[in-house]
Asks: 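A single structure is presented below for examination.
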Number of protein chains: 2
Amino acid sequence: MTTIMEVARAAGVSKSTVSRVLNGVPVSEEARRRVEAAIAALNFKPNAQARGLSLRRSHLIGVVVPEIARIFYGEVLEGIESALAETGFEMIVCSTRNRQGREWGLTKLLWSKRVDGLILVTPREFSPQALKSLKGEFPVVLVDGTSDSFSSISVDNFAGGFMATEHLLRLGHRRIGLILGPDTRESDQRLRGYKKALADYDCRFVPELIRSGDYLFDSGFTAMEELLALPERPTAVFAASDLMAIGALKAAEAHGIKVPEDLALVGFDDIEAARWTSPALTTIRQPLRQLGEIGGRTIVKAITKKNDPTKITLGCTLVVRESCGAFRRRMEGSRSGRSPDGNVEEGGGTGDIMM
Amino acid sequence: MTTIMEVARAAGVSKSTVSRVLNGVPVSEEARRRVEAAIAALNFKPNAQARGLSLRRSHLIGVVVPEIARIFYGEVLEGIESALAETGFEMIVCSTRNRQGREWGLTKLLWSKRVDGLILVTPREFSPQALKSLKGEFPVVLVDGTSDSFSSISVDNFAGGFMATEHLLRLGHRRIGLILGPDTRESDQRLRGYKKALADYDCRFVPELIRSGDYLFDSGFTAMEELLALPERPTAVFAASDLMAIGALKAAEAHGIKVPEDLALVGFDDIEAARWTSPALTTIRQPLRQLGEIGGRTIVKAITKKNDPTKITLGCTLVVRESCGAFRRRMEGSRSGRSPDGNVEEGGGTGDIMM
DNA sequence: ATACTTTTTGGAACCGTTCCCAAAATATCG
DNA sequence: CGATATTTTGGGAACGGTTCCAAAAAGTAT
């Protein structure tokens with residue numbers, strides 16, 4: 001592993017000069033040529049650790065997620081990675097593997113590793129005391145979460161909840177089940193959107209139609225079974241994740257209930273698998289990748305420019321596919337426009353009806 | 001950010017003594033107490049960069065994947081992360097975002113970041129010259145790939161191809177389509193397994209039944225359409241990824257062909273979504289998480305013990321669900337044992353028939 | 001040619017650790 | 001109790017860069 005000193009010797013200059021060449025500081029033409037030749041000849045790569053020690057900057061961003069092997073977080077991570085790749089920062093990924101409280105330990109760990117900043121992709125709230133000890137120490141960005149002390153990028157969950165519910169109301173449904181996620185601010189906002197839509201359409205709020213799960217398949221299945229077991233079952237269900245919606249779909253199928261004929265279904269997230277089901281899922285698209293990209297860009301900005309915390313909220317989109325029956329109505333008498341995944345093709349676009 | 005010197009001052013000892021306490025080197029009882037108290041009081045965390053500079057060890061492992069937002073790689077990454085978490089190493093994740101050739105640039109980048117080792121989760125082969133320049137420089141482990149120069153962890157693709165095909169042959173199919181992945185050694189081995197099974201069952205190999213895709217949904221859809229357009233269409237199809245199998249399922253559905261009644265289907269990987277389809281996918285399970293875990297453990301061993309490259313091959317398992325009809329035969333007359341995802345429950349196990 | 005300004009360069013201190021080595025403190029033994 | 005063996009400690013040189021500062025070199029004006 002060659003060092004800057006060896007390059008200096010080979011080029012017949014001092015290491016200061018090599019350093020200058022490396023950092024684009026003006027140097028005589030002659031020296032520059034010789035140094036560059038030596039760098040190439042020796043295949044020299046500056047030692048990022050030594051550099052970081054001197055500059056007190058590691059160019060490393062810590063990223064904490066609850067789980068890597070979940071497509072939701074995978075999309076966000078991909079977004080972060082692609083934003084960082086252009087800036088010379090790298091990301092250290094840590095997963096809490098859904099273990100309660102581990103985010104705090106990981107945060108401290110990454111902190112001691114001298115990451116330049118931290119992206120927390122975690123819906124769970126940090127304890128106030130934890131937050132306080134972080135505050136001011138180094139930049140933190142919350143992705144898919146909100147906080148008063150740090151920058152955060154989140155999605156307009158209220159609007160999402162509203163849109164999904166309104167879509168079902170417009171289709172004439174009055175008894176709409178809701179399968180929420182864990183008890184977080186996010187869920188609360190979606191619930192508020194749901195209630196607002198009901199109110200707007202003069203539809204009564206029925207508490208027994210509300211269930212909650214953990215965003216995963218099995219909990220959607222279970223919740224749907226409970227809803228179907230009600231004396232008067234819902235004619236439509238809005239699930240707060242596509243995974244739960246797919247579970248719900250499976251449950252309906254297991255009980256011989258046809259979607260969308262007997263039951264309309266809306267999901268949330270618009271993961272890829274939403275196109276794969278039969279019927280394909282109508283859902284609320286969250287811009288997951290964008291969430292990550294903006295998160296990445298925000299943390300870099302916070303590190304290099306030290307600007308104040310910002311709060312960004314992204315909109316979401318209703319993607320109409322087959323699981324509500326709305327699709328069929330539109331397409332009546334014409335099947336020619338169907339794409340492989342059962343979406344409606346409109347003018348060669350993405351193949352989804354967006355609202 | 002407190003340093004070791006400040007701790008030393010606060011404890012009234014030299015920085016050498018603090019360093020000794022930090023590294024578990026024997027020190028007088030009195031000194032240890034004082035140092036520990038000072039560390040706690042000042043909330044001191046050793047600077048990993050300075051430490052790495054001195055030790056020539058970063059405790060960072062570079063991981064290169066083609067894509068993070070694909071559940072296949074997500075599982076592998078989760079496995080790597082969990083193996084590393086126990087060892088004090090952290091992983092820097094880089095994605096080539098499927099761009100040809102980018103793995104080499106990333107490798108060099110990570111190398112210059114002084115990662116202690118590299119895990120390459122990439123099916124594509126590196127150029128021999130690239131490999132040579134890496135060889136001996138620092139430890140590299142290939143996950144889901146093989147190489148003569150480096151340690152590698154892979155799956156027995158030949159056996160996987162064989163098992164999938166044999167399963168279909170046993171069910172009486174003689175005209176079995178094959179949807180392969182991209183042209184890699186992996187695909188070649190699965191093809192060999194397929195051919196071997198055909199030969200074992202005295203079944204003729206028909207080249208026109210072989211298609212290939214990119215492991216993703218759309219390519220499975222397309223390939224299946226081609227197979228269905230054949231003058232004499234296959235009665236069964238083996239797709240080399242679950243994503244392609246799901247695409248194939250959708251294509252069959254679009255053409256009014258019922259699975260498994262009119263067509264049997266086997267996938268590969270056993271991603272979670274394989275349980276979600278209707279019918280649930282019979283598939284070959286790859287131990288993805290284990291692949292990552294062993295990869296992580298192997299690289300750490302290579303770094304700390306400097307032992308010779310090892311080559312590990314993991315077995316895969318046939319998971320029988322609904323898409324081949326084998327399930328129904330077994331379960332005739334009893335639906336009580338069904339789990340939410342349509343697997344067969346046998347003695348409270350994972351809910352799959354494994355072979 | 002001389003004095004002065006500007007550019008280019010090398011030397012040395014520093015970033016925060018580890019670790020070797022010699023000095024200091026303590027323990028062991030005759 | 002002094003001499004020696006052993007343990008514990010502190011000083012200082014790395015590790016490989018960056019950057020300040022002053023010296024050297026080059027350029028400009030008189």
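Protein chains get the first letters and strands the later ones, always in sequence-line order, with residue 1 at the start of each. Not measured: the values here are computed from a predicted model.
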Asks: Shortest non-hydrogen contact from S95(B) to E78(A)?
Replies: OG-OE2, 2.9 Å
Asks: When the distance from NZ of K113(B) to C1' of dG17(D) is rounded to whole Å, what number comes out?
Replies: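 Taking NZ of K113(B) and C1' of dG17(D), I get 14 Å after rounding.
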Asks: Counting only non-hydrogen atoms, which of residues 22-47 of chain A are less than 4.0 Å from DNA chain C?
Replies: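 DNA chain C contact set from residues 22-47 of chain A: V27(A), S28(A), A31(A).
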Asks: Taking CD from E6(A) and P from dC15(D), how many angstroms apart are they, rounded to a whole number?
Replies: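 Distance, rounded to whole Å: 10 Å.
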Asks: Looking at R56(A), I'd like to know whether one of its side-chain N or O atoms comes within less than 4.0 Å of OP1 or OP2 on dT18(D).
Replies: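 Indeed not, no polar side-chain atom of R56(A) lies that close.
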Asks: Could you state the NE2-P distance from H59(A) to dG17(D), rounded to the nearest angstrom?
Replies: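 After rounding, the gap between these two atoms is 15 Å.
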Asks: Counting just side-chain N and O atoms, does S16(A) come under 4.0 Å of either OP1 or OP2 of dG10(C)?
Replies: no
Asks: Regarding R34(B) and E30(B), does a basic nitrogen lie under 4.0 Å from an acidic carboxylate oxygen?
Replies: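 Yes, charged N to carboxylate O under 4.0 Å.
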Asks: If I take atom CD1 in residue I4(B) and atom C1' in nucleotide dA14(D), what distance separates them, rounded to the nearest angstrom?
Replies: 15 Å
Asks: If I take atom CG from residue D116(A) and atom CD1 from residue I303(A), how far apart are they, to the nearest 0.5 angstrom?
Replies: 5.0 Å
Asks: Base, sugar-phosphate or nothing for L53(A)? Non-hydrogen atoms, less than 4.0 Å.
Replies: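 Contact class for L53(A): base.
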Asks: For dT17(C), does OP1 or OP2 lie under 4.0 Å from any side-chain N or O of S54(B)?
Replies: no
Asks: Heavy-atom nearest nucleotide on DNA chain D for R114(B) versus V13(B): which residue maps closer to 5'?
Replies: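 Closest to the 5' end, via its nearest nucleotide, is V13(B).
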Asks: Check D214(B) against R70(B) and note the closest heavy-atom contact, atom names and distance.
Replies: O-NH2, 4.4 Å
Asks: With a 4.0 Å limit, can you tell me whether R51(A) has a side-chain N or O closer than that to the phosphate oxygens OP1/OP2 of dT18(D)?
Replies: yes
Asks: Looking at R32(A) and E36(A), is any side-chain nitrogen of the basic one under 4.0 Å from a carboxylate oxygen of the acidic one?
Replies: yes
Asks: Have a look at T17(B) and say if it touches a base, only the backbone sugar-phosphate, or nothing, with a 4.0 Å heavy-atom cut-off.
Replies: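 Touches sugar-phosphate only.
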Asks: Could you check if a side-chain atom of F44(A) sits within less than 4.5 angstrom of a side-chain atom of L22(A), using non-hydrogen atoms only?
Replies: yes
Asks: Output the rounded distance in Å from CG (L55(B)) to C1' (dC20(C)).
Replies: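 Atom-to-atom, L55(B) to dC20(C), this comes out as 14 Å.
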Asks: Between P on dC21(C) and NZ on K15(B), what's the gap in Å once rounded to a whole number?
Replies: 16 Å
Asks: Which residue lies toward the 5' end of DNA chain D, R20(B) or A50(B), if each is placed at its nearest nucleotide?
Replies: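 The residue whose closest nucleotide sits nearer the 5' end is R20(B).
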Asks: So which heavy atom on I68(A) is nearest to which on M91(B), and how close?
Replies: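 Looking at all heavy atoms of both residues, the shortest contact is CD1-CE, 3.7 Å.
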